[in-house]
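Below is one structure; the comments refer to it alone.
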Amino acid sequence: MRNVEQLTDVVTFHGEGPVWSLEWGGLRFVDMHAGGVLTLRDDGAVDRITVGKVAAMVRPRVDGGYVVATEKGIALADDLTAAPTREIRLTDRENERMNEGGAAPDGSLYVGSMAWDGSPEGGRLYRVTPDGGTEVVLDPVTISNGLGFSPDHTRAYYADSGPGRLDVFDVDGGVLGGRRPLVTFDDDDGGVPDGLVVDSQGCLWVAVNGAGQVRRYSPDGELLETVAVPVPGVTACTLGGPSLTDLFVTTSRESDDTPGAGALYATAVDVPGLPVLPFAG
């Protein structure tokens with residue numbers, strides 16, 4: 001079993017959504033419930049931009065700047081080092097907040113949500129088109145989490161942490177269809193699927209929240225490898241670094257007081273990742 005090293009001090013309450021992009025100088029991730037967008041510096045320190053009550057995920061934009069999911073929608077920044085200046089609202093439901101998601105090959109943005117109290121079927125999956133149009137893609141879901149696309153852009157992988165399931169979709173022009181189960185987690189797994197990233201071989205690296213692990217699955221759902229993380233609250237992962245072979249892992253201390261919970265971790269892997277897909281809006 002591969003192990004990780006701790007890269008930072010405890011810098012988040014609920015770390016999530018790591019993303020590597022050369023456009024913004026390396027690795028960014030979020031401190032979700034503190035509304036923080038964090039950038040990892042070479043010395044292990046982090047810079048922080050506060051965007052509001054919630055910062056659920058962050059992605060680069062095609063023409064520069066970044067997009068971040070907030071409590072009730074998304075916010076757009078033209079400057080990589082500044083707070084967002086405009087917002088697109090996705091919901092007015094009081095108990096709903098944004099969670100995870102990702103950009104699609106066609107330049108659209110998928111943003112998932114969940115209920116603040118975690119109640120079953122309290123979330124949705126939204127799609128935002130580059131021109132700012134919005135639609136509900138999945139309704140209901142419980143805890144909409146990781147989303148990633150295969151190297152050839154014909155499949156999408158999606159985690160709903162509520163029922164503990166990884167699903168696969170067919171992709172046609174950026175639109176998801178043909179949803180079917182890929183991996184179902186049960187009590188013996190010790191956790192639920194959370195954030196995920198797809199590597200250049202089309203395999204999935206999945207954070208298993210509650211189990212202190214990141215697992216690598218084949219496109220057919222076969223478990224290939226397990227990475228041990230020294231805290232249970234493993235929330236998300238990405239592949240980055242100069243050769244895209246560094247696996248970065250975010251963690252949470254929301255329900256865990258293990259020393260090191262809320263720090264960022266990393267390890268080297270053998271198969272590189274894919275360049276992050278940007279939002280075209």
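Please read all numbers here as calculations on a predicted model, not as lab measurements.
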Below 3.5 Å, can you tabulate the donor-acceptor pairs from side chains in residues 66-78 to any protein atom, sequence neighbours excluded?
unit_1: Tyr66; atom_1: OH; unit_2: Ala82; atom_2: O; d: 2.7
unit_1: Thr70; atom_1: OG1; unit_2: Gly73; atom_2: O; d: 3.2
unit_1: Thr70; atom_1: OG1; unit_2: Glu87; atom_2: OE2; d: 3.2
unit_1: Glu71; atom_1: OE2; unit_2: Trp116; atom_2: NE1; d: 3.1
unit_1: Lys72; atom_1: NZ; unit_2: Arg93; atom_2: O; d: 2.5
unit_1: Lys72; atom_1: NZ; unit_2: Glu94; atom_2: O; d: 3.2
unit_1: Lys72; atom_1: NZ; unit_2: Glu96; atom_2: O; d: 2.6
unit_1: Asp78; atom_1: OD1; unit_2: Arg61; atom_2: NH1; d: 2.9

Is a side-chain donor-acceptor pair under 3.5 Å present for Arg127 with Ser108? yes
Electrostatic pair Asp117-Arg97, nearest N-O below 4.0 angstrom: no
Is a donor on one side and an acceptor on the other found under 3.5 Å between the side chain of Thr235 and the backbone of Thr250? yes
Asp47 with Arg28: basic N within carboxylate O range, under 4.0 Å: no
Going by heavy atoms in the side chains, are Val4 and Pro230 under 4.5 Å from each other? yes
Reported CZ-to-CG distance for the pair Phe169 and Leu125, which is rounded to 0.5 angstrom: 7.0 Å
Identified side chain to side chain contact (heavy atoms under 4.5 Å, CB included) counterpart of Tyr158 within the set Leu182, Leu138, Leu166: Leu138
Measure from the side-chain N and O atoms of Ser150 to the backbone N and O of Arg155, and report whether any donor-acceptor pair falls under 3.5 Å. yes
Cut-off 3.5 Å, side chains only: do Ser144 and Tyr110 have a donor facing an acceptor? no
So does Asp152 have more than 12 non-hydrogen atoms from other groups sitting under 6.0 Å from CG? yes
Side chains of Thr258 and Asp256: is there a donor and an acceptor less than 3.5 Å apart? yes
For Asp172, does the CG atom sit with more than 12 other heavy atoms under 6.0 Å from it, leaving out its own atoms? no
Looking only at atom types and distance, does a side-chain atom of Arg59 sit under 3.5 Å from a main-chain N or O of Leu109, one as donor and one as acceptor? no
Do the non-hydrogen side-chain atoms of His153 and Leu277 ever get within less than 4.5 Å of each other? yes
Is a salt bridge present between Asp139 and Arg124, judged by a nitrogen-to-oxygen distance below 4.0 Å? yes
Who clusters with Leu264? Use side-chain heavy atoms, under 4.5 angstrom, across I, L, V, M, F, W and Y, and order the result by chain and number. Leu7, Val11, Trp20, Leu22, Leu27, Phe29, Leu38, Leu40, Val46, Leu244, Phe248
Of all pairs that satisfy side-chain hydrogen bond (donor to acceptor under 3.5 Å, both in side chains), the ones with a partner from residues 183-194, not counting sequence neighbours: Asn145-Asp194, Asp189-Arg215, Asp194-Asn209
Do Val214 and Thr226 have side chains that get closer than 4.5 Å, going by heavy atoms? no
Look only at the side chain of Asp199 and the backbone of Val271, and say whether a donor-acceptor pair between them is shorter than 3.5 Å. no
For Thr50 and Gly52, indicate whether the former's side chain and the latter's backbone hold a donor-acceptor pair under 3.5 Å. no
Do Val198 and Phe149 have side chains that approach each other closer than 4.5 Å (heavy atoms only, starting at C-beta)? no
Test item: Leu196 and Trp205 side chains (from C-beta on) under 4.5 Å apart, heavy atoms: no
Salt bridge Asp170-Arg179, side-chain N to carboxylate O under 4.0 Å: no
